[in-house]
Amino acid sequence: MTGILQKIEANKGRKIEPAVASESPHLDKPFFELLVGSYRRIVGDALFPENCDEYWLYHQAPFAVVAHNADPDPVFIYANIAAQRCFGYGWSEFTSLPSRLSAEPINRADRQILLDKVKKDGHYSGYCGVRITKSGRRFSIDDGCIWQLTDRDGSTHGQAATFSPLAE
């Protein structure tokens, strides 16, 4: 086992709350289409292999995917299981968390500059940085991509990111 799978395996064993039936993000087809469609349109590539679906992305993807809404102080609206493992939050906690809290206070200004650049340019690839877990542990992100969640009509619904955590 190498690469991304090895990084995700290293985070297994952490307690993660399962999504309950009323919170079925993997079944939210319109959001899934917004997430993958905006990635394809803006980044110009597929987010994952063609034979995979929203269930695979949420439950089995060997990389993290998160998204926050377009509020002035954005709140996470999506985090796949890989992201939940990285940050140490379950679905309910993650999707009520202001996304600024994913970075330490000292890093929040730089994070905001990056998000403003993404808002202006549509996406940013190659992001490397440090984020913080629920318990306060720092972890590094390598080769991340952040993009605008923009629908086919040009309306923006927030931003999303995908990344691989670096092994500690």
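Throughout, numbering of the chain's residues begins at 1 and tracks the sequence.
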Side-chain donor-acceptor pairs under 3.5 Å in residues 66-76, sequence neighbours left out?
| unit_1 | atom_1 | unit_2 | atom_2 | d |
| --- | --- | --- | --- | --- |
| His68 | ND1 | Ser99 | OG | 2.9 |
| His68 | NE2 | Gln159 | OE1 | 3.1 |
| Asn69 | OD1 | Asp71 | N | 3.2 |
| Asn69 | OD1 | Val75 | N | 3.1 |
| Asn69 | ND2 | Asp71 | OD2 | 3.1 |
| Asp73 | OD1 | Arg100 | NE | 2.9 |
| Asp73 | OD2 | Arg100 | NE | 3.0 |
| Asp73 | OD2 | Arg100 | NH2 | 3.0 |

Can you measure from CD (Glu33) to CZ (Arg152) and round to the nearest 0.5 angstrom?
-> 7.5 Å
Smallest separation among heavy atoms of Thr162 and Ala64, with atom names = OG1-O, 2.9 Å
Test Trp56 against Asn51 for side chain to side chain contact (heavy atoms under 4.5 Å, CB included), laying out the working first.
-> CA-CA 10 Å; Trp56 181 89; Asn51 61 340; over 6 Å; no
What's the spacing between Leu101 CG and Lys134 NZ if we round to 0.5 Å?
-> 13.0 Å
Taking only residues two or more places apart in sequence or in another chain, which ones pass side-chain hydrogen bond (donor to acceptor under 3.5 Å, both in side chains) with Ser102?
-> none
Return the minimal non-hydrogen interatomic distance between Phe94 and Ala83, and the atom names on each side.
-> CE1-O, 3.8 Å
Tyr124 ring center near Phe163 ring center (under 6.0 Å) | no
Output the distance between atom CH2 (Trp147) and atom CG (Leu47), rounded to the nearest 0.5 Å.
-> 5.0 Å
Kindly say whether Gly37 contributes a backbone atom to a donor-acceptor pair with the side chain of Arg41 at under 3.5 angstrom?
-> yes
Do Asp28 and Pro30 have side-chain heavy atoms sitting under 4.5 Å apart?
-> yes
Donor-acceptor pair, Arg131 side chain versus Ile141 backbone, under 3.5 Å?
-> no
Student check: side-chain heavy atoms of Phe31 and His157 closer than 4.5 Å | no
Does the side chain of Gln84 pick up a donor-acceptor pair with the side chain of Asn80 at under 3.5 Å?
-> no
Before giving the answer on side chain to side chain contact (heavy atoms under 4.5 Å, CB included), spell out for Leu149 and Thr156 the whole-Å C-alpha distance, their side-chain angles and the decisive distance to 0.1 Å.
-> CA-CA 6 Å; Leu149 283 175; Thr156 299; 5.6 Å; no
Heavy-atom side-chain proximity of Thr95 to Tyr78 below 4.5 angstrom | no
Please report the C-alpha distance between His123 and Gln148 in whole Å, then the side-chain angles of each, then the deciding distance to 0.1 Å, and finally whether the side chain to side chain contact (heavy atoms under 4.5 Å, CB included) criterion is met.
-> CA-CA 6 Å; His123 82 283; Gln148 290 290 103; over 6 Å; no
For residues Glu104 and Arg108, determine if any side-chain heavy atom of one lies less than 4.5 Å from a side-chain heavy atom of the other.
-> no
Could you list the residues that satisfy side-chain hydrogen bond (donor to acceptor under 3.5 Å, both in side chains) with Asp53, not counting sequence neighbours?
-> none
Rounded to the nearest 0.5 Å, what separation is found between the SG atom of Cys145 and the CD1 atom of Ile42?
-> 9.5 Å
With rounding to the nearest 0.5 Å, note down the distance linking NZ in Lys119 to CD1 in Ile146.
-> 14.5 Å
Are Phe87 and Phe139 an aromatic pair by the rule of ring centers under 6.0 Å?
-> yes
Short side-chain to backbone donor-acceptor contact, Thr133 and Arg137, under 3.5 Å = yes
Using modelled atom types only, decide if a donor and an acceptor are shared between the side chain of Asp151 and the backbone of Asp153 within a distance under 3.5 Å.
-> yes
Are side-chain heavy atoms of Tyr39 and Asp45 found at a separation under 4.5 Å?
-> yes
Ile113 side chain near Lys117 side chain, heavy-atom distance below 4.5 Å | no
Audit row: Trp91, Tyr58, side chain to side chain contact (heavy atoms under 4.5 Å, CB included) steps and yes/no | CA-CA 11 Å; Trp91 175 258; Tyr58 181 79; 3.9 Å; yes
